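Reading through the structure tokens given below for one structure.
Bear in mind the structure is a predicted one, so any value in this text is a computation, not a measurement. Note that these values count all heavy atoms, side chains included, but never hydrogens, waters or copies made by symmetry. Order of the sequence lines fixes the chain letters, A, B, ..., with proteins taken first and strands second; residue numbering starts at 1 for each chain.
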Amino acid sequence: MFQNLIRLVLSAGLVVTLATGTALADKFEWDEITEDDWSVSQDSAQGIFDAVMLFEKLAVDHKDFEGGRFKRTMYRRIRILGTEGRKWADVEAPFLAPDQDIKEIQGRTILRDGTVVPLDKDKIIEEQVFKAQGEKYTLHTFSLPGVTDDCIVEYMIRYELKTYAGEWIIQKDIPLMRFEMKWVIPEMHLNTLGGFLDFAADRITPNYLWLNTFSDIDVKQLPDLKKPKWLELSCGFVPAFEGEPFTVPDKALKTKLYTYYGSRVPPETYWGEQGRGLVRILSEYCRKNKRVKKVVQRFNELPNADAKIAAAYNWLRDSLLNLTHFDLWEWEGHRRVKIDPKKIEDIDDLFKYRYGYSIDIDAAFVDMLREMNIDARYCYAKDRFDDLFVMEAKYWQLDRSLVAVPQAPGEYKFYTVGHACTPIETVPWFLEGVQTLIGGGNELMVSIPFSPADFSITQTTYEVEITEDLEAFATASSRMTGHDARGVRMELLDEDTADFADMLSENAEALYPDAVLDSLSVEQWDDISQPVLMHCHLTYPDLTTAGSRVLLKPFAFCTSVENPFYAPERKTAVLFDYAHKLEESAFIVLPEGYTVEALPNDTSFANRIGSCTIGFQNMGDKILAQRFFVLNRPFWGVTDYPDVQALFQARKDLSGQVVVLTEGSDDEVDVVPTPGATPATSGTEGEETGL
Amino acid sequence: MPDSRVSATRAIALCIALLVLCLTSNLTASPDWVKEAIEAAEGVTPQADAIALIIAHTAEIEISKNGSSTTKVRRAVKVLSPQGADDAYLSVPTSSYSKVKGLKGWRIESGGAEEKLDDEYIVEVAPLQSAGYYIDMKLVSVLWPDIKTGDVFAYEYELDEKEQFDGFFQRFLFQKDLPVLSARLTVTLPDNWELHASEQNLDPVTSRVEDGRYIWEAGYMAYCPEEPYMPPWRYVLRQILLSCYDPSTSGRSHFVDWDACGSWTSLLYREPMVCDSVLAAEVMSIVGQAATPSDRLQAVATYVRDRIRYVAVEIGDGRFEPRAASETFANSYGDCKDKATLMRAMLSVLDIPSSPALASVGSTVDKDFPSPFQFNHVIVAVPTSSITDWPSESHAVIDGWLYFDPTDPAISLGDLPPVLYGGYVLRAADSTSGLTRLPRLEPTDRMCRNHATITLAPDMTVTAQMTVTDIGANAASIAYHRATTPVSDQLEELHRRFSTTIPNAVISDYSFASDSDSTWAAFTLVGDAPVTCAGDMTLLSVNVFETDSFENLPKGERVHPIWFGAARTVESEIDWILPDGWRVAEIPDTIWFDGDPGSVHCVCEGTGSHISVVSTQTRKGWLLDSENYASARRFVRTHKKSADMTIMLTLP
């Protein structure tokens, strides 16, 4: 498969003979407990409350690199400072890899008076927690004995692994005073052929990378710089991790240390090599492309490059089954049976079998364009919903393929034919804003731009009826484009049409939490060139009255809005999925006998982050209430937080506007609208108008 | 080769092929009971929003004299919508005592195609195992891929349970929420044995005895979807609990009556409470100079509550049998029965008698069904006659016994955790045990008083001085939470609470304190005024403490009983001070409701530039049957009206 080919060429697939290096001490010994350990106390400034990890020490022994045995010893010491901190004495051995073997566990509790209470081995519980298809996972857990509100607990766990897990998350849910890692690297005896030595060294050099540290880090290569046999890496205080809403993935934010064997060249050179690697891979993959040539022949008469690109794009979409999103089925009599696909070794297989994975289909797109003399590059990027790409980490992190077509120096159009439900010249939202590695490009990495708010628009119209009993019913009809539409399509992918309502009802109920969803239907879900249309019928709770008046909140019939940014301060950048617009219009038929006594003014709020506008029209027996919301961009730095807060609070406040209805009045109302007029949008940036 | 031999060879080959085909078909073909169940389900149309239909569910239990049992189970489910896929999976709890045998399964697609259960779809997981909670329960689960609407999934298996403590206790669930086409339970006992049955919500289920077997059977049971403000599922499940026994013996696990249950429990807890010299010395050190029995009891209770952290080791016999007191003491951890046993052992050094008392948290107890396995918690009971200086007025003293729960870190001697009130406890003794109902809390036993003075400024900001006071049963837990939670987290909780009523709220001057039966927090809150404008009208939302959102109770029929939560009273007094020249244009009417769910009373008065809002809301905590639905709807509507109370103001 193409994926395997990439991994094979790009990985350090080199066999070396090894000699044993410096042995790590096999017998574990506890560190001395010092007065400094006891002197640590609660400190709100540092976030130390019930417990603090005094240290975490890792010893990583790769002497037996050739034998594929990696030893890792983890040693933690925790100061318990309060009742709730005692839970840190209940330990679950961290799960590092499916092939791990826990060789030894030791633990003990130390009291103020010097009493030591050891962990009995028979109190360590080893339980198989998962077994399926020959795979077994075992969990080791234990509770340290003799723990009080003022004590120290410590434990060590020694692992043996067949694979090397190079990422270590240092930051915990409690503060950590100090982290240390001792990394014994294998001493490698290599072939003395000069060029080969360099080639090897470019792939098996020990590398390390710190991320998101809070204090000074220290690295020592010992016993000397010229011929190190082990590395000692350490850092100081790391505060407890606190997540925040709408930000990058947690694992991208936490303090961590990557250690791996890889290249010794600078990151730019490394990634440049990877880019050239992509070119080689593509070339090899597309070597036997007679079938490709035959297909593109029919497009050669098309008038221009754009037409040819579109033709190739649509052909791949319509002709190849994308195994990343769909299963492969065949009919056995009247029964549909899922079958395992054949291996896709190259583009010839892809075109022969008419199925493949995203990376295969993107590669085919590049080849088709090139056969039509259109310059196209094969690219890779990292899905930002999962984690962020780190340039300095010189190993393969990228997980999504795409295609770039140069427009001008440094400018590209991007295509993701290998991702389902993406129209031409668009990428899924989780690839917007990320760096992409361009195979064979003059630029090493290019940023994929965010789509504008105009790309993803949801327009919803609500037809609301209010009964004499002041109960309300509405039909909501939504028209969605861009990422909004793709989101719906991805939910429905590979599902029976009869199940669509059920698949989407949960989403709809989240949008209208105060209403009861009676029915739901979807149209145009299968044509990515068209907006998705969705219709719901909703029942709402009774309206609020004040004496003879009804206090109608028109936007209570629309999508629910909250302000998730209530924290006064922010530590991390704000990241939404994508820029978008939401345009809502509610036509509310008044209950019989009621008229409008007072309408809110049209009001608008706008700042750099976006805008929110509300407007009202009195149409006699009906009111029109409109709300327009725009999020200009998905990414905002920490310093933009006050503006983000202000926008979302303004939206929430504006959405609470009240229309006052009164019973049986023939008085003229305050506001007489012009039919068809749009709401006012005036207002200085950062200010609310109309209140 | 001669023609005749060719023909014979072909014929044999054909026969072999046919035989193989038959065998293969038989190996994959579902059994007759599945076919019959599918046929019976033809044309059955449950309610439109039912996500799955249980078309057959049977269990045949055979109890052996030694406490082991074999249960043969058959179950078939039809998926009616994608959300019903989870109901197609099978999950059977197993442990060191119970094993699944002979598991077979079939998928029958709507078109008739069949697929036999493959081993690769069977997984075994231990979902509850984690640090601090050690349990040997696993789930044998079947996870089919690609479940489609209309598919039927059928299973049959045996559950073999070895002799164990609760071997004579069985439970069968007829229905939770999904519609059921047919369900049957058959129980076969050893000769001359009897059984107690707790039939819970078994309206349409009929029972009979046939050839010495007990049979419960039900036809169609309609869909009972989850509804807002329904009680926890344990109150509405259609289920049966069984306890089997030999009336001619008083041996282990034969529970003829509650005395037998108590005696069994007492025996189980006797040996572990033996106190060794190390523990005895610690007891004397703990009580120190405490002179009176009450003081000594207090010292021991506080020690066990605070010094022994909660760790559950529910492995093997450890599910029911406590660890030795000396072991719990050495470990400084244990679960509820370990802590109770340790406390009793320590009291025995001081010659203070005690009994273990089985209690129930989060589950109901049928007082007419004597079985210790209805309980899931253990506390300690001390006769007040042995602590003559103990004050008699206490919620925790009932019929001459003082009850204490050493597991709850928030609760002091003389109180009980709120979750226990209203439930049963079984005080275990060698001879006469006592099944006692703990007093039910009244709304005034769990009270919250809110007070705020809010100054509204002309720039539409507010400054509020607020106090929140909790009195009674909840106070201890809230006080404990405040004492053990960083202030920054407490401020965030307040922020989150009030951000719905006062936009951009900033909290300062925060303080909290407690006394014996109450706890309070005071703070200053500054934010934007909860004001909206409509034309010339300025509308002020005055009820800032009512931050709870209310689920809509739609019109129509109600399936389940209604429950609004535990009994409680909330009183709020809010004084608004308006800017000079601002006046109240119209005072809203008094909001009032009084009925079986509870009461709501909200009065607003306005004088000059001063507004006073006084509201009292009470939840009675009763379980209301569905005939009270209209009253329940009015109760929720009235709550909302109170929360949304709005005053019109005129500005100068």
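Applying the 6.0 Å contact sphere to CG of D459(B) captures more than 12 heavy atoms from other residues, nucleotides or ligands. Open room surrounds CD on E506(A); 12 or fewer heavy atoms of other groups in view lie less than 6.0 Å from it.
Proximity to chain B (any heavy atom under 4.5 Å) is shown, for W88(A), by neither the backbone nor the side chain. Proximity to chain A (any heavy atom under 4.5 Å) is restricted, for T485(B), to the backbone atoms N, CA, C and O. Contact of N504(B) with chain A is made through backbone and side chain together, with heavy-atom distances under 4.5 Å. Heavy atoms closer than 4.5 Å to chain B are found nowhere in T109(A), neither backbone nor side chain. In this structure, chain A has a heavy atom under 4.5 Å from the side chain of R637(B), while its backbone stays farther away. Using a 4.5 Å cut-off between heavy atoms, F498(B) does not touch chain A at all. Of the two parts of D327(A), only the side chain, counted from C-beta on, holds a non-hydrogen atom closer than 4.5 Å to a non-hydrogen atom of chain B. With a threshold of 4.5 angstrom between heavy atoms, M645(B) does not approach chain A through any atom at all. Both the backbone and the side chain of A89(A) come within contact range of chain B, judged by heavy atoms closer than 4.5 Å. Of the atoms belonging to L553(B), not a single heavy atom falls under 4.5 Å from chain A. Proximity to chain B is limited to the backbone of Y540(A), based on heavy atoms less than 4.5 angstrom apart. Residue contact with chain B, scored on non-hydrogen atoms closer than 4.5 Å, involves the side chain of T148(A) exclusively. No part of D518(A) comes within reach of chain B, as not one of its non-hydrogen atoms sits under 4.5 angstrom from that chain. Proximity to chain A (any heavy atom under 4.5 Å) is shown, for P486(B), by both the backbone and the side chain. With a 4.5 angstrom heavy-atom cutoff, E586(B) touches chain A only via side-chain atoms. Using a 4.5 Å cut-off between heavy atoms, V91(A) touches chain B through its backbone atoms (N, CA, C, O) alone. Looking at L539(B), only its side chain comes within 4.5 Å of chain A, counting heavy atoms on both sides. For chain B, the nearby parts of F130(A) are the backbone and the side chain; heavy atoms of each come within less than 4.5 Å. Using a 4.5 Å cut-off between heavy atoms, D306(B) touches chain A through its backbone atoms (N, CA, C, O) alone.
For the pair N618(A) (side chain) and I623(A) (backbone), a donor-acceptor distance under 3.5 Å is absent. In this structure, the side chain of N331(B) does not engage the main chain of Y333(B) through any donor-acceptor pair within 3.5 Å. A donor-acceptor pair is defined here as one N or O able to donate and one able to accept, closer than 3.5 Å; such a pair exists between the side chain of D136(B) and the backbone of G316(B).
Taking the six-membered ring where the residue is Trp, Y303(B) and F329(B) present tilted rings, their angle falling between 30° and 60°. In this pair, F616(A) and F555(A) present their aromatic rings tilted. The plane angle is within the 30 to 60° band. Ring geometry for W144(B) versus Y121(B): interplanar angle of 30 to 60°, hence tilted.
Only one option out of F605(A), F565(A), Y566(A) pairs with F648(A) in a ring-ring contact (aromatic ring centres under 6.0 Å, His included); it is F565(A).
Most heavy-atom pairs under 4.5 Å with chain A, from the set E551(B), H495(B), K641(B): that is H495(B). Note: K555(B) leads K148(B), R633(B), M460(B), K555(B) in heavy-atom pairs under 4.5 Å with chain A. Chosen from D50(A), L144(A), V516(A), T83(A), the residue pairing most often with chain B at heavy-atom distances under 4.5 Å is L144(A). If you tally non-hydrogen atom pairs under 4.5 Å between each of Q128(A), E92(A), R86(A) and chain B, the highest count goes to R86(A). Interface remark: of the candidates T539(A), D514(A), D502(A), D502(A) forms the most heavy-atom pairs closer than 4.5 Å to chain B.
Side-chain contact between Q649(A) and P503(B) is present, with at least one heavy-atom pair separated by less than 4.5 Å. Side-chain contact between Q490(B) and R482(B): present, with at least one pair of heavy atoms (C-beta onward) separated by less than 4.5 Å.
Taking 4.0 Å as the cut-off between side-chain N and carboxylate O, E127(A) and K136(A) do not count as a salt-bridged pair.
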Going through the checks in order, is the side chain to side chain donor-acceptor pair (under 3.5 Å) test met by Q645(A) and N563(A)? CA-CA 8 Å; Q645(A) 254 189 329; N563(A) 177 12; over 6 Å; no

Does the pair K123(A) and E327(B) meet the rule for a salt bridge (Lys or Arg N to Asp or Glu O under 4.0 Å), with working shown? CA-CA 12 Å; K123(A) 294 278 193 319; E327(B) 186 181 347; 3.8 Å; yes

